[in-house]
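Residues take their numbers from the sequence shown, with the count starting at 1. In listed order, ligands and their atoms are each counted from 1. Computed from heavy atoms alone, side chains included, the values below leave out hydrogens, waters and symmetry copies.
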Amino acid sequence: MLLDEEIVKLVGMPEKAYKLLSEPDRIIRCRIRRHIPGVKGFIYVYLVYHSAARGPPGKGGVRMSKDVTLEEVAQLAEIMSYKNALMDLPFGGAKSGIAADSNLPPETKQIIMEGYAHELRNELLSGNYVPAPDLGTGPREMAVIFGETHIRESVTGKPIGIGGLPGRKEATGYGVSVISERAVQEFLKKDISDVTVAVQGFGNVGSWTCEFLSKMGAKIVAVSDVQGGTFCKDGIDIEELKKYSRENGTVCGFGGSRITNEKLLELDVDLLVPAAVGNVITKENAGNIKADLIVEGANAPVTKDADEILLKNRKIVVPDFLANAGGVVASYDEWRKGKSGSKTKKEETFATIKETLLEAFEETLQFSVRKGVSLRKSALALAATRIVETMEARGWL
Ligand code: NAD
């Protein structure tokens, strides 16, 4: 659970609100019952609504991974409650998970997604839960959900031809780059063009983060994916890396020298962006992190113990619910436009993300300075305050 005594005190949180936020509102666990060629046994699906105070809808992505658990989905749903509130979006926090290998052939993934949408049809058709891409899913999977509901606002992160938002696929990485630039200026007192960067993960979030940061002039010296990484002290050409990764299915073997995911995290760089899976910075390796600034592109890449070690070592961590909120900010636009049918240009999406994220950054920064707490605690307290205010306004407390 993200809340602790310090947050409760900072917020002046009533006991009932604390109780409501300390466990999920609702949990759905089901199995895809239809036959899936080539798959033995059942594929489990989890949907967790953490807090519906600012919803419905509950908003949060669909994670497809063979290791995904109900606990992990619940943790991610909790993060979504605070992320949505910090961005001041009228969404509750939710998340879903499909316990299947995301590297299965596209036709098999399609059948799995049809099964997922079928099992969750009541949640999707009622608009209670509005999914988006997360680890292991993308526009193609969102298109399958739309194909089952035929309701544009039932899912975001869709391909553009069926109501997707221009700029949505780049949105999270764009937001991470905007926040990184501002944080580098604030905490490292440097321009983004003067810093070295290591990025873990080269999927949706990692690859777009690399692209935008490199366009801003930052020197990306290391990038990795699930198979390992590549390091080049003179900087990596991201366009070339994208091409290489598309052709070879991995960044490994591209230029420079090969590096493990573990070593990438411990490189002597200015900025570290974990943008793959959760719990990669733990109490075991937190003491070895050399980057002065860590911007969480992934959700929950730093464990609670590790966070304390990093704080003690004077490392600055920009938390997930601030750093990677560009995706959900764009999703809000896509959701609204699904209802109205109006169109947007990519540049408008980027402008909205920049404005919303930087405003949240300034609020978080000021509150953290005023109260002498970390950025994570500050962002959490601001978001929790908004949730509690909404609970009060709804007569729940
Ligand atoms: P993705 O599936 O597109 O890419 C994941 C990347 O991580 C791939 O390069 C993959 O090879 C790599 N990877 C997988 N397992 C790994 C491991 N054990 N070690 C190192 N690398 C590994 O996923 P994504 O959408 O880019 O999501 C990445 C992270 O960002 C997740 O934590 C997700 O929750 C978070 N996030 C995503 C979005 C979004 O809009 N897609 C929004 C907010 C947060």
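Distances from ligand 1 to the non-hydrogen atoms of Gln227 include no value under 4.0 Å. The shortest heavy-atom distance from Arg168 to ligand 1 is under 4.0 Å. Distances from ligand 1 to the non-hydrogen atoms of Ala275 include at least one value under 4.0 Å. Under a 4.0 Å heavy-atom criterion, Pro133 is in contact with ligand 1.
Nearest-heavy-atom check against atom 42 (C) of ligand 1 across Val226, Asp134, Thr172 picks out Thr172. For atom 28 (C) of ligand 1, the nearest non-hydrogen atom from the set Ala298, Gly327, Ala276 belongs to Ala276.
A ring-centre distance under 6.0 Å is not found for Phe202 and Phe254.
Ranking the protein heavy atoms by distance from atom 4 (O) of ligand 1 puts Gly203 CA, 3.2 Å first. Of the protein's non-hydrogen atoms, Val277 CG2, 3.7 Å is the one closest to atom 17 (C) of ligand 1.
Contacts between Asn261 and ligand 1, counted as non-hydrogen atom pairs separated by less than 4.0 Å, involve the side chain only.
For the pair Arg246 and Tyr244, the NZ or CZ position fails the cation-pi test of under 6.0 Å to the six-membered ring centre and within 45 degrees of the ring normal. Note that Arg54 lies outside the cation-pi zone of Phe91, set by a 6.0 Å cut-off to the ring centre and a 45° limit from the axis.
By the 3.5 Å distance cut-off applied to N or O atoms, Gly201 is not counted among the residues near ligand 1.
Less than 4.0 angstrom separates some heavy atom of Gly136 from each of these atoms of ligand 1: 2 (O).
Looking at His50, its side chain never comes within 3.5 Å of a backbone N or O of Asp25 through a donor-acceptor pair. Side-chain N or O atoms of Asn84 include none that pairs as donor or acceptor with a backbone N or O of Leu89 at under 3.5 Å. No side-chain donor-acceptor contact under 3.5 Å links Asp268 to the backbone of Lys290.
Distance check: Arg182 CZ to Ile192 CD1 gives 12.0 Å after rounding to the nearest 0.5 Å.
Heavy-atom contacts from other residues, nucleotides or ligands closer than 6.0 Å to CD of Glu355 number 12 or fewer.
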